[in-house]
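All values derive from a computational prediction rather than experimental measurement. The analysis underlying the following values was restricted to heavy atoms, covering all of them including side chains, and did not include hydrogens, waters or symmetry mates.
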Amino acid sequence: ELQNNIAAMTLFPNPSQGKTTLGYVLKKNNTVSVEVLNITGQRVALFLDQENKQAGKQSTNLPADLAPGVYFIRLTAGEAVEVQKLVVTN
């Protein structure tokens with residue numbers, strides 16, 4: 001079950017050969033952070049850092065320079081946190 005403020009989160013395409021779009025829906029206005037974590041949980045990239053976002057559909061493009069491997073995309077909106085796995089191929 002998704003937490004209080006995040007109504008939906010999608011990664012497309014997944015697996016990805018480069019550019020990936022993160023889509024999400026906020027139930028209310030909030031500050032949002034998006035991090036990319038490697039398989040051991042270390043942060044390898046920060047895309048949004050406490051940016052103010054409006055309620056409703058949002059999207060952001062993740063950069064295409066991630067090395068092939070498995071990553072976790074962590075979306076934080078206020079107190080809500082959602083994590084999804086992203087696979088990057090050659």
Side-chain angles (χ1 to χ4, degrees):
E1 176 178 313
L2 294 178
Q3 298 180 31
N4 51 11
N5 191 40
I6 304 169
M9 177 180 171
T10 59
L11 292 169
F12 182 81
N14 190 9
S16 172
Q17 293 183 327
K19 182 178 142 184
T20 301
T21 299
L22 165 65
Y24 55 98
V25 178
L26 297 178
K27 292 181 183 177
K28 60 183 180 181
N29 297 353
N30 219 321
T31 56
V32 173
S33 297
V34 177
E35 301 168 276
V36 177
L37 310 174
N38 65 17
I39 196 74
T40 63
Q42 295 174 305
R43 184 168 77 190
V44 296
L46 176 65
F47 298 110
L48 298 177
D49 186 11
Q50 295 294 310
E51 289 192 21
N52 292 314
K53 295 292 182 181
Q54 300 287 325
K57 290 184 180 182
Q58 301 285 339
S59 68
T60 189
N61 292 324
L62 304 181
D65 62 355
L66 292 173
V70 176
Y71 298 90
F72 296 96
I73 309 303
R74 180 166 57 199
L75 169 65
T76 305
E79 299 294 315
V81 178
E82 181 69 17
V83 177
Q84 285 193 11
K85 181 169 72 173
L86 172 65
V87 177
V88 177
T89 60
N90 286 335

**Side chain to side chain, T76 and V32, heavy atoms closer than 4.5 Å** = no
**Prompt:** If you measure from CG on L75 to CG on L48, what distance do you get to the nearest 0.5 Å?
**Reply:** 8.5 Å
**Item:** side chain to side chain donor-acceptor pair (under 3.5 Å) contacts in which one or both residues fall within residues 41-52, not counting sequence neighbours
**Value:** T31-Q50, S33-Q50, E35-R43, N38-Q42, T40-Q42
Acceptor/donor pairs from residues 54-62 side chains to any protein atom, 3.5 angstrom cut, sequence neighbours excluded:
unit_1 : atom_1 : unit_2 : atom_2 : d
Q58    : NE2    : Q54    : O      : 2.9
N61    : OD1    : T21    : OG1    : 2.9

**Asked** Are side-chain heavy atoms of V87 and N14 found at a separation under 4.5 Å?
**Response** yes
**Prompt:** Would N5 and E79 satisfy side chain to side chain contact (heavy atoms under 4.5 Å, CB included), going step by step from the backbone distance to the final call?
**Reply:** CA-CA 8 Å; N5 191 40; E79 299 294 315; over 6 Å; no
**Message:** Test of understanding: with side-chain contact (heavy atoms from CB on, under 4.5 Å), list the residues that count as partners of V36, not counting sequence neighbours.
**Reply:** V44, A45, F47, L66, Y71, I73
**Message:** Determine whether T20 and L86 satisfy the following criterion, side chain to side chain contact (heavy atoms under 4.5 Å, CB included), listing intermediate values before the conclusion.
**Reply:** CA-CA 9 Å; T20 301; L86 172 65; 3.9 Å; yes
**Request:** Search all heavy atoms of R74 against all heavy atoms of V83 and return the closest pair with its distance.
**Result:** CG-CG2, 3.9 Å
**Item:** Closest approach of Q17 to N90 (non-hydrogen atoms, all atoms of both residues)
**Value:** NE2-O, 3.4 Å
**Message:** To the nearest 0.5 Å, what is the distance between CG on L11 and NZ on K85?
**Reply:** 11.5 Å
**Message:** Just so I know, are the side chains of T89 and P15 near enough to count as touching, which here means a heavy-atom distance under 4.5 Å?
**Reply:** yes
**Request:** Hey, could you give me the CD/OH distance between E82 and Y24, rounded to the nearest 0.5 Å?
**Result:** 13.5 Å
**Item:** side chain to side chain contact (heavy atoms under 4.5 Å, CB included) evaluation trace for K53 with N29
**Value:** CA-CA 6 Å; K53 295 292 182 181; N29 297 353; over 6 Å; no
